[in-house]
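Worksheet: one structure, shown below.
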2 protein chains.
Amino acid sequence: MDKKSPIRITLTTRDETVTITQWVYSTLRHAVMNGQILPGRALTIRELASILDVSPMPVREALRQLAAENALEIQGNRRVMVPRMTAMKFNELCEARITLESHAAARALPYIDKERLQLLIALDKEIDQAHDEGDLEQITVRNQRFHRTLYTSNPHQITLPLIESLWLQLGPFMRLANSKLEEHYTIDRHNEALQAIERKDALALQIAITADIREGFAFAGTPELLHSFIEESASA
Amino acid sequence: MDKKSPIRITLTTRDETVTITQWVYSTLRHAVMNGQILPGRALTIRELASILDVSPMPVREALRQLAAENALEIQGNRRVMVPRMTAMKFNELCEARITLESHAAARALPYIDKERLQLLIALDKEIDQAHDEGDLEQITVRNQRFHRTLYTSNPHQITLPLIESLWLQLGPFMRLANSKLEEHYTIDRHNEALQAIERKDALALQIAITADIREGFAFAGTPELLHSFIEESASA
DNA sequence: CATCTATTTTTGTGATCACAAAAACTTGCT
DNA sequence: AGCAAGTTTTTGTGATCACAAAAATAGATG
């Protein structure tokens with residue numbers, strides 16, 4: 001049944017209030033974001049349907065949606081796969097993140113009141129906690145929650161879907177970033193960001209966000225390291 | 001059959017090499033981009049299927065894809081519509097365009113050789129031509145082609161899908177922008193951009209792109225005008 | 001006339017089927 | 001063994017059906 005590498009997807013019990021398509025979507029999204037499906041691996045509707053124990057229809061819709069978000073790639077053959085990564089593309093994705101996210105942060109700043117700042121401080125504490133416990137998965141989740149909460153402070157914000165698309169594309173590699181992060185013992189720049197928010201200093205906030213993102217991928221700054229794990233996913 | 005306002009969609013003959021879903025997708029995309037479907041109007045799968053004379057299936061897939069690109073909005077009711085616009089959201093979309101597109105332009109600059117520059121110059125001439133002929137539709141089309149060609153000069157570029165998502169969200173209102181543009185006789189900033197490219201001056205290029213985008217929506221700078229045509233689309 | 005309730009219709013979701021195209025596999029030849 | 005042609009299987013696409021939920025309509029009641 002499994003010709004190539006067997007796909008191992010974490011299954012969560014489905015909330016009954018949610019459509020099957022939505023459940024399949026978030027399941028596959030999570031799998032992509034955590035690098036559970038290696039780039040280049042051909043995904044077929046029926047195979048995924050059988051793994052998730054649903055009919056092909058919801059899988060079809062979820063795949064199309066993920067492809068529209070650039071999380072998956074539809075080849076000319078109409079075949080779907082996780083896009084392969086290149087060093088140049090990786091770099092472009094990081095730079096795009098920096099540009100978009102510092103923009104979103106600056107535009108959110110005027111809307112952050114005292115209680116929202118307290119919320120952000122609390123979320124930052126939770127990241128440190130996950131860090132202490134060495135829970136890599138939770139570090140990623142809570143880090144994303146921190147950024148998402150910051151940007152959505154702006155009630156008219158429209159960039160989050162674009163930012164999440166970038167996260168999805170970097171997803172499989174964020175995971176590795178965090179695993180290396182253990183060694184490097186990187187301290188994030190969230191404190192700097194929080195102080196900038198308190199001072200209502202937009203420029204300082206942008207600088208902090210930029211540094212936070214850049215240092216998060218600092219491990220990839222050494223070309224050999226970057227290359228090594230891009231090659232790792234080059235298996236057809 | 002048509003309870004609300006009748007939907008008028010420009011139909012193109014379908015290329016046989018392309019799937020029905022793809023044809024439906026680009027047809028609907030074009031309709032949204034040109035404001036042929038007014039915001040707030042509820043779209044049903046079967047109605048569109050009958051208008052386009054296809055089975056419900058391709059429409060279903062196309063709608064989901066457009067929703068994933070933020071061109072359409074799925075409400076809690078599972079009902080699909082073109083999102084309504086607000087003045088604040090309009091402003092956010094413009095600012096996001098400026099940030100993303102000047103980023104994309106700067107990152108493309110190193111890859112623009114002499115012949116690509118010539119191509120851009122030719123495309124710019126075509127815009128002037130459409131301008132002389134007073135063809136509003138072609139002005140928009142060719143203007144987008146100019147920008148797209150500029151950004152895709154970077155072979156590793158990954159921001160175009162995000163930029164196109166913003167174009168789609170502004171789509172219904174770009175049309176009005178251009179209609180007002182007739183009166184204002186706006187001169188675009190493409191010449192400035194082209195000169196900056198020739199000098200390999202990234203900052204000047206970003207300034208030109210920023211001005212080009214901002215002036216394209218300058219008409220909306222007067223709050224009463226902006227408000228007037230946003231209200232225009234407020235009909236449920 | 002307005003407002004709530006019951007009934008009918010419409011709609012999205014998901015399942016299943018048919019079919020042509022693409023892969024994968026088998027076979028035969030050098 | 002290496003490779004090309006033919007065969008079988010698998011796959012995405014699109015059509016159609018069933019069903020529960022939502023919306024529209026009709027009716028009744030104040």
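Lettering of chains follows the sequences in order, A, B, ..., and the numbering in each one begins at 1. Just so it is clear, the values below take in all heavy atoms, side chains as well, and ignore hydrogens, waters and symmetry mates.
Side-chain N/O atoms of A:Thr19 include none lying less than 4.0 angstrom from OP1 or OP2 on C:dG12.
The shortest distance between side-chain heavy atoms of A:Ile7 and A:Leu43 falls below 4.5 Å. For the pair B:Gln169 and B:Phe90, the minimum side-chain heavy-atom distance is 4.5 Å or more.
In the interface, the side chain of B:Arg60 is paired with the base of C:dG14 through a donor and an acceptor atom under 3.5 Å apart.
Atoms CG (B:Asp53) and C1' (D:dA15) sit 14 Å apart, rounded to a whole Å. Across the protein-nucleic acid pair, A:Arg46 atom CZ and C:dT16 atom P stand 12 Å apart, rounded to whole Å.
Considering only the side chain of B:Arg64, C:dT13 comes nearest among C:dT13, C:dT16, D:dG14.
By the 4.0 Å N-to-carboxylate-O rule, B:Glu164 lies close enough to B:Arg29 to be salt-bridged with it. A salt bridge links B:Glu47 with B:Arg41: the closest approach of a Lys/Arg side-chain nitrogen to an acidic carboxylate oxygen falls below 4.0 angstrom.
With hydrogens and angles disregarded, a donor-acceptor distance shorter than 3.5 Å links the side chain of B:Asn154 to the backbone of B:His156.
Nearest-nucleotide mapping onto DNA chain C: of B:Thr44 and A:Val54, the residue sitting toward the 5' end is B:Thr44.
Closest of all the heavy-atom pairs between A:Thr152 and A:Arg116 is C-NH1, 3.8 Å.
Applying a 4.0 Å cut-off to non-hydrogen atoms, the residues of residues 73-80 of chain B that approach DNA chain D are B:Asn77, B:Arg79, listed by residue number.
Nucleic acid contact class of B:Leu43 (heavy atoms, under 4.0 Å, all strands): sugar-phosphate only.
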